[in-house]
Asks: 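Provided herewith is a single structure, encoded as structure tokens, for subsequent inquiry.
Just follow the structure's listing: the first ligand is 1, and inside any ligand the first atom is 1. Below, each value reflects all heavy atoms present in this structure, side chains not excepted, and no hydrogens, waters or symmetry copies.
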Amino acid sequence: MSRYRLGVLTGDGIGPEIVPAAVRVVDAALAAAGADRIDWQVLPLGASAIAEHGSALPATTVEALAELDGWLLGPHDSAAYPEPFRSQLNPSGAIRKHFDLYANIRPARGVGGGRAIAPDTDLVIVRENTEGFYADRNTYAGTGEFMPTPDVAIAMGVFTRPAIERIARTAFELARRRRKKLTIVHKANVLQLTSGLFKRICLEVAETYPDVDVDDVHIDAMTVHLLRRASSFDVVVTENMFGDILSELAGELAGSLGIAPSINASDDRCMAQASHGSAPDIAGTGQANPVAMILSAGMLMHWLGTRHGDARAADAALRIEDGVRAAVRGGISTRDLGGTASTDGFTDAVVEWIAARS
Ligand code: ATP
């Protein structure tokens with residue numbers, strides 16, 4: 001595999017600032033690694049897609065994605081969409097569900113810059129992405145939230161053996177390539193059937209990974225452990241909603257939400273997506289930190305390298321990570337990390353560092 005076809009879905013808020021930044025850095029890293037250029041395909045998604053195509057996630061976008069090796073997804077501000085779009089499953093949830101992107105891999109690792117609460121954090125949250133307590137994606141038709149009367153609302157959590165087994169295996173395989181330590185996060189003491197099934201099946205899978213140290217922690221206790229000793233965690237596996245919340249906490253502890261990357265992957269597709277939202281409060285000001293989106297794109301390069309046995313893509317992934325760290329170490333960072341660089345200024349520094357090491 002040499003020339004990849006990747007989608008670019010810019011999204012809302014700061015998306016039009018940070019997604020093009022990630023494209024520039026990927027292009028620079030592949031050039032430096034001596035790899036073929038990417039065939040980028042820009043596809044509509046988000047508020048601009050509602051205006052132009054009558055849908056936040058047009059069917060033509062989904063059809064085009066099916067033909068690609070992967071894609072970069074910018075953040076969306078679906079809470080600001082007009083009805084009926086606001087009540088629909090949001091675009092990233094819909095894409096994850098459609099392509100069964102069951103593993104959301106969210107590393108929390110500092111890049112330097114001096115503002116981190118827990119700068120030694122180096123952990124990865126492996127979040128189950130297709131079921132759990134996020135009721136909006138738990139049903140074939142309609143949503144798992146319903147309102148029998150104006151004053152009663154009910155949400156449905158779903159936990160199934162196949163989904164838990166595959167996310168547990170993903171997490172154990174990752175732990176094997178890291179520090180061989182895995183923490184199962186759940187709430188089985190209260191939610192004995194649902195969260196209990198999650199814990200029990202993860203522990204079953206653990207028996208086939210005797211080389212990995214396993215422990216399990218309640219979600220409420222985990223927030224305290226992260227605050228007190230984030231650096232003692234390696235890989236954390238958990239259900240959908242717990243993983244979403246914990247990864248924002250871990251990302252902020254490691255430095256800033258603006259540096260927290262992620263991929264959403266199935267066995268044959270991968271979507272790079274920053275862990276943070278669309279940050280409408282700073283959109284258009286040039287203050288957005290592009291690091292999370294750039295590192296997410298780097299994770300996509302690593303995923304492509306592993307899937308296709310492509311050493312150049314894997315090399316490009318390393319160059320992206322090194323370039324980001326070098327820029328921050330060299331004193332260039334955006335406001336959220338305590339610096340003064342603009343989104344473009346920071347991206348220029350990363351691209352220059354990478355290009356200088358071709
Ligand atoms: P969502 O529900 O879509 O995840 P959210 O409500 O969690 O969104 P974010 O959009 O992630 O909120 O923003 C939370 C805070 O973090 C805001 O103050 C925002 O400006 C800041 N923030 C988020 N991403 C970045 C970034 N890339 N660079 C700088 N600041 C950011």
Asks: Under the ring-ring contact (aromatic ring centres under 6.0 Å, His included) rule, collect the residues that match up with Tyr102, sequence neighbours excluded.
Replies: none
Asks: Keeping to residues at least two apart or across chains, list the side chain to side chain donor-acceptor pair (under 3.5 Å) pairs with something in residues 325-336.
Replies: Ser256-Asp336, Gln287-Arg335, Asn289-Thr334, Asn289-Asp336, Glu321-Arg325, Thr334-Asp336
Asks: Got a sec, which pairs hit ring-ring contact (aromatic ring centres under 6.0 Å, His included) with one end in residues 224-267, sequence neighbours left out?
Replies: Phe133-Phe242
Asks: Apply the ring-ring contact (aromatic ring centres under 6.0 Å, His included) test between Trp71 and each candidate in Tyr4, Trp40, Phe99; give the one that qualifies.
Replies: Phe99
Asks: Which of these passes salt bridge (charged side-chain N to carboxylate O under 4.0 Å, His left out) with Asp211: Arg178, Lys181, Arg176, Arg177?
Replies: Arg176
Asks: Near ligand 1, which residues have a heavy atom under 4.0 Å away from one of its atoms?
Replies: Ile14, Glu248, Leu257, Gly258, His276, Gly277, Ser278, Ala279, Asp281, Ile282, Ala288, Asn289, Asp336
Asks: Of the options Val291, Val25, Val324, which is the one that meets Thr347 in a side-chain contact (heavy atoms from CB on, under 4.5 Å)?
Replies: Val25
